[in-house]
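One structure is given here, and the rest of the page talks about it.
Below, read A as the first sequence line, B as the second, and so on, with proteins coming before strands; counting in each chain starts at 1. All values below come from the heavy atoms of this structure, side chains included, with hydrogens, waters and symmetry mates left out.
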Number of protein chains: 2
Amino acid sequence: MARSSGVLEFAVLGLLHDSPMHGYELRKRIGSALGTFRAYSYGSLYPALKTMTSEGLIAADDASGAGRRSKIVYRLTADGKERFQELVSESGPASWEDEAFGVHLAFFARTNKDVRLRILEGRRSRLEERLDTLRTSLRQASERVDSYTLALQEHGLESVEREVRWLNELIATEREDSPSSRGSKAVLDAPTQQRNNKE
Amino acid sequence: MARSSGVLEFAVLGLLHDSPMHGYELRKRIGSALGTFRAYSYGSLYPALKTMTSEGLIAADDASGAGRRSKIVYRLTADGKERFQELVSESGPASWEDEAFGVHLAFFARTNKDVRLRILEGRRSRLEERLDTLRTSLRQASERVDSYTLALQEHGLESVEREVRWLNELIATEREDSPSSRGSKAVLDAPTQQRNNKE
DNA sequence: GTTAGCATGTAAGGAGTTACATGATTTT
DNA sequence: AAAATCATGTAACTCCTTACATGCTAAC
């Protein structure tokens, strides 16, 4: 029965956590809450809402008084809240990927500090891997390719470098206010978990 | 018969333009030529090569001497060259989208200056629209959302601003060496074409 | 002789968009 | 009363990935 999954489900749960909403509004909020980086069409959203309803994660308060249609307000169920807690606490490799990282960050306020640090540091280590690859390929490229391709790759490299610096600031801020609960050493040493490196 | 389309086709044509290659190598080159921003699996590439062969855009020099399989070298046909010229000369709205813009830039060396300027300026105007939206939503967000969501949106905004500055440099360079062929005024005034603004 | 990397391919399915179809409500 | 925008929904389709299956070739 079409198991719901991914960023869209996560975003819906997170937004409905604040307050019930109908699909149309949900869609706009997803677009702005997730920054630039993701917008969904109704063709994705409405079927997803149906699936999630049938899974019991959300419930439709169908506001049709008489024969009218229109305005279905969705709210989170207890199961939905639980599911959201699961998702928001996930700090493994999957949560440092581009899209997933974005949603996680958007709902950071509902996580605890240890999880936040693990995700931020995980993300950073993921980007550092990418920098390695990029720098290597750029060194080789310098002699083979034209100036445009080079410019493109350099710009890409600098973007990643910028994100790393940005993460460093976030991590520093995170450590600053209240020097972290016990277990801080474990957190500091945490990342660089083995990831499936097929390729 | 499965009309081929999009970034992958474009990239294949562009790379085969340099020299014949087999699929395996094509895949690696696509990954590096297109910077970070796109990599395709074999599950996409090989079927695409088949389709393109059946369309006559590329031809398979099947190097199987006797009963052996393995190593199919693809090369561009006359039709393929023509198709590539069409694609590379396309400077309309579609070419300023993220992915499309990336491929276009990767093959900029095979375009003429007028096309390059139209694409760069188109891309810039597209990003400026995005900046507008982003700045507006950020102004509203400042009072509603938590510091993490804010940080995410600010970082997104700055990334776009950076790309605009980068484009400005590319455009300046483009204009610098040889002050442009006749028709320069038309080129300078060109962009901001009406785009389909449904939303 | 076995592991690693080169090389090609297919089937099933996931995730999302576009285009269409419909209707309610608000604004001008 | 027309136009805009709010609101919901579906069907067809596109594009791509994953997982699997196969075999060659070089290096250790």
- Query: In a check of salt bridge (charged side-chain N to carboxylate O under 4.0 Å, His left out) between B:D98 and each of B:R126, B:R123, B:R38, which one passes?
  - Reply: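 Per the salt bridge (charged side-chain N to carboxylate O under 4.0 Å, His left out) rule, the option paired with B:D98 is B:R123, out of B:R126, B:R123, B:R38.
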OP1 or OP2 of [N] under 4.0 Å from side-chain N/O of [X]:
{"X": "A:Y40", "N": "C:dG16", "answer": "yes"}
{"X": "A:R27", "N": "D:dA7", "answer": "no"}
{"X": "B:R38", "N": "D:dT17", "answer": "yes"}

Within this structure, what is the CG-OG1 distance for the pair B:L131 and B:T136, rounded to the nearest 0.5 Å?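 The distance works out to 10.0 Å.
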Quick check for you: to the nearest 0.5 Å, what is the distance between A:S44 atom OG and A:R27 atom CZ?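 If we round to the nearest 0.5 Å, A:S44:OG and A:R27:CZ are 9.0 Å apart.
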Provide, to the nearest angstrom, the distance between the [atom1] atom belonging to [X] and the [atom2] atom belonging to [N].
{"X": "B:K71", "N": "C:dT8", "atom1": "NZ", "atom2": "P", "result": "8 Å"}
{"X": "B:L49", "N": "C:dT10", "atom1": "CG", "atom2": "C1'", "result": "14 Å"}
{"X": "A:E9", "N": "C:dA15", "atom1": "CD", "atom2": "P", "result": "10 Å"}
{"X": "A:L45", "N": "D:dC6", "atom1": "CG", "atom2": "P", "result": "15 Å"}
{"X": "B:Y74", "N": "C:dA7", "atom1": "OH", "atom2": "P", "result": "13 Å"}

Q | B:F107 ring center within less than 6.0 Å of A:Y148 ring center | A |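 No; B:F107 has its ring centre 6.0 Å or more from that of A:Y148.
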Kindly calculate the angle separating the two end axes of the helix from C:dG1-D:dC28 to C:dT28-D:dA1, each obtained from five base pairs, and round it to 10 degrees.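 Axis angle across the helix from C:dG1-D:dC28 to C:dT28-D:dA1, nearest 10°: 30°.
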*Does the salt bridge (charged side-chain N to carboxylate O under 4.0 Å, His left out) test come out yes or no for B:E154 and B:R135, once each step is laid out?*
CA-CA 9 Å; B:E154 274 165 4; B:R135 289 201 181 107; over 6 Å; no
Report each atom pair, protein N/O against N/O of nucleotides 10-13 of chain D, whose distance is under 3.5 angstrom.
| residue | atom | partner | partner atom | Å |
| --- | --- | --- | --- | --- |
| D:dT10 | OP1 | A:K50 | NZ | 2.9 |

For this session: Describe the nucleic acid contact of A:A60 in one word from base, sugar-phosphate, nothing, applying a heavy-atom distance below 4.0 Å.
Result: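 Nothing: the residue A:A60, judged by heavy atoms under 4.0 Å, touches no strand.
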